[in-house]
Amino acid sequence: MLTADFFARDAVTVAQELLGCTLWHGDAGGIIVETEAYTDDPASHAVLRGPRGQLMRETYGRLYVYLIYGMYYCLNFTTDTRGPGAVLIRAIAPTHGIESMQARTPRPMPVHELARGPGRLCRALGIGREHNGEQIGRRVCLQPRATVPPIASSPRIGITQGRDLLWRFFIPNEPSVSRFR
DNA sequence: CAAGTGATTAGCT
DNA sequence: GCTAATCACTTGT
């Protein structure tokens, strides 16, 4: 099981090393296939002066969960002992608890679409506000990867600033990776 | 391609 | 205190 010290390093390193690991909540779980790194760049919530930025600046190895666009949650893990950092989990390839995931979706979906995209991922795993600030391993758990997967990178998605940074990481040819615009 | 959704935040008073 | 803008998305046309 991965513990907090895994997240003591910088977000870009952690984002790449999370690919291939298995993410669990309850009986639902899957392999992480897409991540994004955030540090102290303008697209990062670390610039926010409120509790959001504080969690990202002052903790590591904890969950950072927030509501976006009024309807969806996004799951991050805070990183870095020395400065702001977080890794957004954008997609997993479901392996366990498919029935639980299907039960949380409004309509039946193909398995590879259940947790494709950060909003869908949280819906599939049943992760919401109540997990914000929680220590990794308490309810949401991570299992180390067995082998190192191939890794590709691109600009991060949906942001207006920091487009030059290639801080989105994904496993090529994985159907659960969100479509690149 | 546009709309829906509500918490959070910055910038005022 | 109050208000308007913003938002690391998804879905349906």
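Here is how names work: the chains are called A, B, and so on, in the same order as the sequence lines, proteins then strands, and each is numbered from 1.
At the heavy-atom level, A:Leu88 lies under 4.0 Å from base atoms of the strands shown. Backbone-only contact: A:Arg107 has heavy atoms under 4.0 Å from sugar-phosphate atoms and none from a base.
For A:Leu67, counting side-chain heavy atoms from C-beta on, the closest listed nucleotide (B:dG6, B:dG4, B:dA10) is B:dG6. The listed nucleotides are B:dA10, B:dG4, B:dT9; the one nearest the side chain of A:Pro51 is B:dT9.
The partner of B:dG11, taking Watson-Crick or G-U wobble pairs whose two distances both stay under 3.5 Å, is C:dC2. Checking C:dA8 for Watson-Crick or G-U wobble geometry (two distances, each under 3.5 Å) identifies no partner in any strand.
Between A:Met71 atom CE and C:dG12 atom P the separation is 11 Å, expressed in whole Å. Atom CD1 in A:Ile157 sits roughly 9 Å away from atom P in C:dT10 (whole-Å rounding). The CZ atom of A:Phe170 sits 17 Å away from the C1' atom of C:dA8 (whole-angstrom rounding). The OH-C1' distance, from A:Tyr69 to C:dT6, rounds to 9 Å in whole Å. Summarising the geometry, the separation between CH2 on A:Trp167 and P on C:dA8 is reported as 15 Å, rounded to the nearest angstrom. Rounded to an integer number of Å, the gap from A:Leu114 CG to C:dC9 P is 19 Å. Atom CG in A:Asn132 sits about 16 Å away from atom C1' in B:dG6, given to the nearest Å. If you take CZ of A:Arg179 and C1' of C:dT11, they are 14 Å apart, rounded to a whole angstrom.
Counting only distance, with no hydrogens or angles, the side chain of A:His96 and the backbone of A:Ala28 share no donor-acceptor pair below 3.5 Å. With hydrogens and angles disregarded, no donor-acceptor distance shorter than 3.5 Å links the side chain of A:Arg156 to the backbone of A:Arg168. Judged purely by atom type and a 3.5 angstrom limit, A:Arg57 uses its side chain to pair as donor or acceptor with the backbone of A:Ala46. Under the 3.5 Å distance criterion, the side-chain polar atoms of A:Arg129 are left unmatched by any main-chain donor or acceptor of A:Val65.
Below 30°, between 30° and 60°, or above 60°: for A:His25 and A:His131 the angle between ring planes is above 60°, a perpendicular geometry.
Contact check, A:Arg129 against B:dT8: a side-chain N or O comes under 4.0 Å of OP1 or OP2. In this model, the phosphate group of C:dT11 is approached by a side-chain N or O of A:Arg123 to a distance below 4.0 Å at OP1 or OP2. Taking only side-chain nitrogens and oxygens, A:Arg120 comes nearer than 4.0 Å to OP1 or OP2 of C:dT11.
For the pair A:Gly50 and A:Gly70, both in contact range of DNA chain B, the more 5′-proximal nearest nucleotide belongs to A:Gly70.
Residue-to-nucleotide contacts include no donor-acceptor pair under 3.5 Å from the side chain of A:Tyr66 to the base of B:dA7.
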